[in-house]
Amino acid sequence: MAKLCFGNYSYDMNTRFYTHSICREHITPPGHPERADRLRVIVDRLDDEPFTYLERLEAPLADEETVLYAHPQEHLDKVKANIPEEGMARIDEDTIISPKSFEAALTAIGGALAGVDDVFSGDTGNVFVAGRPPGHHAEKNRAMGFCLFNNAAIAARHAQKKHGAERVAIVDWDVHHGNGTQEIFWDDPSVLYCSTHQMPLFPGTGAAHETGAGNIFNAPLAAGSGSEIFREAFDKVILPALDRFSPDLIIISAGFDAHRRDPLAEINLEAEDFDWATGVLMERADRLSQGRLVSLLEGGYDLQGLSVSVAAHVGRLLKG
């Protein structure tokens with residue numbers, strides 16, 4: 001693609017950004033870390049001058065049936081039945097739902113599916129989807145950890161069902177292990193799941209010996225780890241697994257709670273580390289997956305840390 005220049009920035013104009021205001025109407029109690037302000041600061045930051053050429057689209061509402069790509073009907077029905085008509089309800093101690101939560105969750109899924117469609121059609125090179133609630137803790141039959149449905153897992157299955165992808169890789173750099181994604185694909189060698197995460201930490205899964213059908217690669221990080229150890233985990237575990245797997249699509253479960261400011265963990269990354277990780281995954285996507293890469297927002301609970309990290313991530317997606 002031809003490059004466009006704006007001030008000191010040069011872009012390939014190959015990145016789409018999906019979000020929707022309904023995702024801010026998934027309401028959680030005051031003081032809850034997974035809150036609507038997370039999307040507000042992301043949208044505000046991506047309105048800044050360096051992102052002039054970012055293509056912004058409203059995430060569509062997914063059909064309910066797409067939830068069944070990764071979850072049984074029983075789980076879908078249970079979540080839907082528990083949505084309150086007013087106020088808030090608890091699925092568990094951490095996972096809160098409100099009247100618009102079901103619609104918000106379907107819209108987060110819709111953005112993920114649209115992103116997959118875009119990269120397979122060639123309409124764009126890569127996509128970032130900022131939706132909530134997040135997804136990577138949602139297991140086949142269980143909503144947990146702020147998550148109702150597993151957006152990344154549903155997107156991977158969509159790539160296989162609609163676009164004939166034989167192999168899909170999910171790379172999860174959220175500071176919390178994506179137990180749901182691991183569980184859904186535990187015995188499925190057509191999906192690679194790779195994760196860096198703090199351990200021990202919620203949800204308690206993600207040890208290196210958890211390997212599924214040879215398709216699970218966990219690189220746990222000790223509390224206090226910083227850039228050098230994070231990048232080493234990518235270089236020694238994540239990237240070699242991607243090279244061997246040779247995916248048709250790379251999906252990023254892009255949590256930004258490994259930033260040093262985040263209140264829920266103790267990993268000391270900077271925004272530059274997310275820039276670097278984005279770049280090496282883009283290089284793999286270019287070499288292995290015809291450039292197809294879709295990034296889905298997961299965690300990130302310090303608003304300043306989230307804002308600068310997303311800016312670094314999307315800036316790298318734009319620059320190619």
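All values below were derived from every heavy atom in this structure, side-chain atoms included, with hydrogens, water molecules and symmetry-related copies excluded.
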K.L.:
Examine Phe256 and Ile238 and state if one hydrophobic cluster contains both, with Ile, Leu, Val, Met, Phe, Trp and Tyr joined whenever side-chain heavy atoms are less than 4.5 Å apart.
P.N.:
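Shared cluster, yes.
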K.L.:
For the side chain of His71 and the backbone of Glu139, is there at least one donor-acceptor N/O pair under 3.5 Å apart?
P.N.:
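Present.
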K.L.:
Okay, side chain of Asp262, backbone of Ala258: is any donor-acceptor separation there less than 3.5 Å?
P.N.:
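It does not hold such a pair.
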K.L.:
For the OG1 atom of Thr211 and the CH2 atom of Trp186, what is their distance to the nearest 0.5 Å?
P.N.:
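Answer rounded to 0.5 Å: 5.5 Å.
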K.L.:
Can you tell me which residue among Val294, Leu57, Thr107 is in a side chain to side chain contact (heavy atoms under 4.5 Å, CB included) with Tyr18?
P.N.:
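Result: among Val294, Leu57, Thr107, Leu57 is the only option passing the side chain to side chain contact (heavy atoms under 4.5 Å, CB included) with Tyr18.
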K.L.:
Taking the side chain from Asn151 and the backbone from Leu296, do they hold a donor-acceptor pair closer than 3.5 Å?
P.N.:
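Pair absent, no side-chain N/O of Asn151 close to backbone of Leu296.
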K.L.:
Hey, could you give me the CG/OG1 distance between Asp172 and Thr196, rounded to the nearest 0.5 Å?
P.N.:
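If I round to the nearest 0.5 Å, the distance is 7.0 Å.
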K.L.:
With the side chain counted from C-beta on, respond yes when Leu293 and Val119 share a heavy-atom pair under 4.5 Å apart, and no when they do not.
P.N.:
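Counting from C-beta outward, Leu293 and Val119 never come under 4.5 Å.
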K.L.:
Would Asn218 and Gln182 satisfy side-chain contact (heavy atoms from CB on, under 4.5 Å), going step by step from the backbone distance to the final call?
P.N.:
CA-CA 10 Å; Asn218 289 310; Gln182 175 172 291; 2.9 Å; yes
K.L.:
Passes side-chain contact (heavy atoms from CB on, under 4.5 Å), Leu297 versus Arg132? Steps please.
P.N.:
CA-CA 8 Å; Leu297 179 67; Arg132 25 186 317 275; 5.9 Å; no
K.L.:
Consider only side-chain N and O atoms of Asn179 and His137, and report whether a donor and an acceptor are under 3.5 Å apart.
P.N.:
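A pair is found: one side chain offers a donor N or O, the other an acceptor, under 3.5 Å apart.
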K.L.:
Counting distance only, does the side-chain N/O of His26 pair as donor-acceptor with the main-chain N or O of Glu103 below 3.5 Å?
P.N.:
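Checking the backbone N and O of Glu103 against the side chain of His26, no donor-acceptor pair under 3.5 Å is found.
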K.L.:
Check this for me: does any side-chain nitrogen of one of Arg56 and Asp47 sit under 4.0 Å from a carboxylate oxygen of the other?
P.N.:
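Salt bridge flag = yes for Asp47 with Arg56.
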K.L.:
Taking the basic N atoms (NZ, or NE/NH1/NH2) and the acidic carboxylate oxygens, is any pair closer than 4.0 Å for Arg142 and Asp92?
P.N.:
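Not counted as a salt bridge, because no side-chain N and carboxylate O are separated by less than 4.0 Å.
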K.L.:
With rounding to the nearest 0.5 angstrom, report the CG to CZ distance, Leu306 to Phe274.
P.N.:
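Leu306 atom CG to Phe274 atom CZ measures 9.5 Å (nearest 0.5 Å).
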K.L.:
Classify the side-chain pair Asp257/His176 by whether it contains a donor and acceptor separated by less than 3.5 Å.
P.N.:
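Side-chain D/A pair, Asp257 to His176: present.
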K.L.:
Between Asp235 and Arg231, is the closest basic N to carboxylate O distance under 4.0 Å?
P.N.:
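Looking at Asp235 together with Arg231, the answer is no, because their closest N to O distance does not fall below 4.0 Å.
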K.L.:
Report yes or no: do Val171 and Val127 belong to one cluster of Ile/Leu/Val/Met/Phe/Trp/Tyr joined by side chain heavy-atom distances under 4.5 Å?
P.N.:
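Unlinked, Val171 and Val127 end up in two clusters.
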K.L.:
Just so I know, are the side chains of Pro220 and His197 near enough to count as touching, which here means a heavy-atom distance under 4.5 Å?
P.N.:
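Yes; the side chains approach each other to less than 4.5 Å.
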K.L.:
Verify the distance criterion only: is there a donor paired with an acceptor across the side chains of Asp77 and Gln73 at less than 3.5 Å?
P.N.:
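Note: Asp77 and Gln73 side chains meet the donor-acceptor criterion.
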K.L.:
Is Glu166 atom CD crowded by more than 12 heavy atoms from other residues, nucleotides or ligands, each under 6.0 Å away?
P.N.:
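Not buried by this count: 12 neighbours or fewer within 6.0 Å.
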K.L.:
Are the side chain of Asp275 and the backbone of Arg316 linked by a donor-acceptor contact shorter than 3.5 Å?
P.N.:
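It does not hold such a pair.
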K.L.:
Could you state the interatomic distance from CG (Leu106) to SG (Cys23), rounded to the nearest 0.5 Å?
P.N.:
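Between atom CG of Leu106 and atom SG of Cys23 there are 10.0 Å.
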K.L.:
So, taking the atom named CG in Leu113 and the one named NE2 in His158, what distance separates them when rounded to the nearest 0.5 Å?
P.N.:
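Between Leu113 CG and His158 NE2, I get 5.0 Å after rounding to 0.5 Å.
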K.L.:
Rounded to the nearest 0.5 Å, how far apart are CD1 of Ile267 and CG of Asp174?
P.N.:
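Reported to 0.5 Å precision, the distance equals 11.5 Å.
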K.L.:
With no hydrogens and no angle check, is any side-chain donor or acceptor of Ser121 less than 3.5 Å from a backbone partner on Asp118?
P.N.:
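Between the backbone of Asp118 and the side chain of Ser121 there is a qualifying donor-acceptor contact (under 3.5 Å).
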K.L.:
Determine whether the side chains of His259 and Asp273 contain a donor N or O and an acceptor N or O closer than 3.5 Å.
P.N.:
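Not at all, the side chains of His259 and Asp273 share no donor-acceptor pair under 3.5 Å.
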K.L.:
Determine the interplanar angle of the Phe120 and His163 rings, folded into 0 to 90°, and report it as parallel if under 30°, tilted if 30 to 60°, perpendicular if over 60°.
P.N.:
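Ring orientation of Phe120 relative to His163: parallel.
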K.L.:
Does a salt bridge link Arg260 with Glu270, judged by any charged N lying under 4.0 Å from a carboxylate O?
P.N.:
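Judged by the 4.0 Å cut-off on N to carboxylate O distance, Arg260 and Glu270 do form a salt bridge.
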K.L.:
Is the shortest heavy-atom distance from the side chain of Arg292 to the side chain of Asp248 under 4.5 Å?
P.N.:
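Side-chain contact under 4.5 Å: yes.
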K.L.:
Can Val129 be reached from Ile109 by stepping across I, L, V, M, F, W or Y side chains whose heavy atoms are under 4.5 Å apart?
P.N.:
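Cluster IDs for Ile109 and Val129 differ.
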K.L.:
What about Ile22 and Ile42, same hydrophobic cluster or not, with Ile/Leu/Val/Met/Phe/Trp/Tyr joined at side-chain heavy-atom distances under 4.5 Å?
P.N.:
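Hydrophobic grouping puts Ile22 apart from Ile42.
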K.L.:
List, by chain and number, the other hydrophobic cluster members for Leu264, where Ile, Leu, Val, Met, Phe, Trp and Tyr join if side-chain heavy atoms come within less than 4.5 Å, directly or indirectly.
P.N.:
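Phe146, Tyr301, all in the cluster of Leu264.
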K.L.:
Do His136 and His177 make the cut of ring centroids closer than 6.0 angstrom?
P.N.:
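No: the rings miss the under 6.0 Å criterion.
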K.L.:
Would Val43 and Arg24 count as a side-chain contact (heavy atoms from CB on, under 4.5 Å) if you check the C-alpha gap in whole Å, the side-chain angles of each, and the deciding distance to 0.1 Å?
P.N.:
CA-CA 11 Å; Val43 171; Arg24 298 196 208 183; 3.9 Å; yes
K.L.:
Check whether Asn268 reaches the backbone of Gly224 with its side chain - one donor and one acceptor, N or O, closer than 3.5 Å.
P.N.:
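Checked: pair present.
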K.L.:
Just by modelled atom types, is the Ala155 backbone N or O under 3.5 Å from a matching donor or acceptor in the Arg157 side chain?
P.N.:
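Not a single qualifying donor-acceptor pair exists.
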K.L.:
Compute whether any side-chain donor of one residue and acceptor of the other, for Thr28 and Glu34, lie under 3.5 angstrom apart.
P.N.:
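Thr28 vs Glu34: no donor-acceptor pair found between side chains.
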K.L.:
Walk me through it: do Ser246 and Leu288 pass the test side-chain contact (heavy atoms from CB on, under 4.5 Å)?
P.N.:
CA-CA 5 Å; Ser246 190; Leu288 303 171; 4.1 Å; yes
K.L.:
With a 3.5 Å distance limit and no angle check, can you tell me whether Trp173 reaches the backbone of Ser195 through a side-chain donor-acceptor pair?
P.N.:
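No.
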K.L.:
Let me see the working for Gln160 and Ser190 under side chain to side chain donor-acceptor pair (under 3.5 Å), right down to the final yes or no.
P.N.:
CA-CA 9 Å; Gln160 294 178 323; Ser190 74; 2.9 Å; yes
K.L.:
Within the structure provided, determine whether Phe51 and Phe17 are in side-chain contact (heavy-atom separation under 4.5 Å).
P.N.:
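Not touching, per the 4.5 Å side-chain cut-off.
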K.L.:
Using modelled atom types and a 3.5 Å cut-off, is there a donor and acceptor pairing between side-chain atoms of Thr124 and backbone atoms of Asn14?
P.N.:
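Looks like yes, one N/O pair under 3.5 Å.
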K.L.:
Could you see if Tyr69 belongs to whatever hydrophobic cluster contains Ile184? Use Ile, Leu, Val, Met, Phe, Trp, Tyr and a side-chain cutoff under 4.5 Å.
P.N.:
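Unlinked, Tyr69 and Ile184 end up in two clusters.
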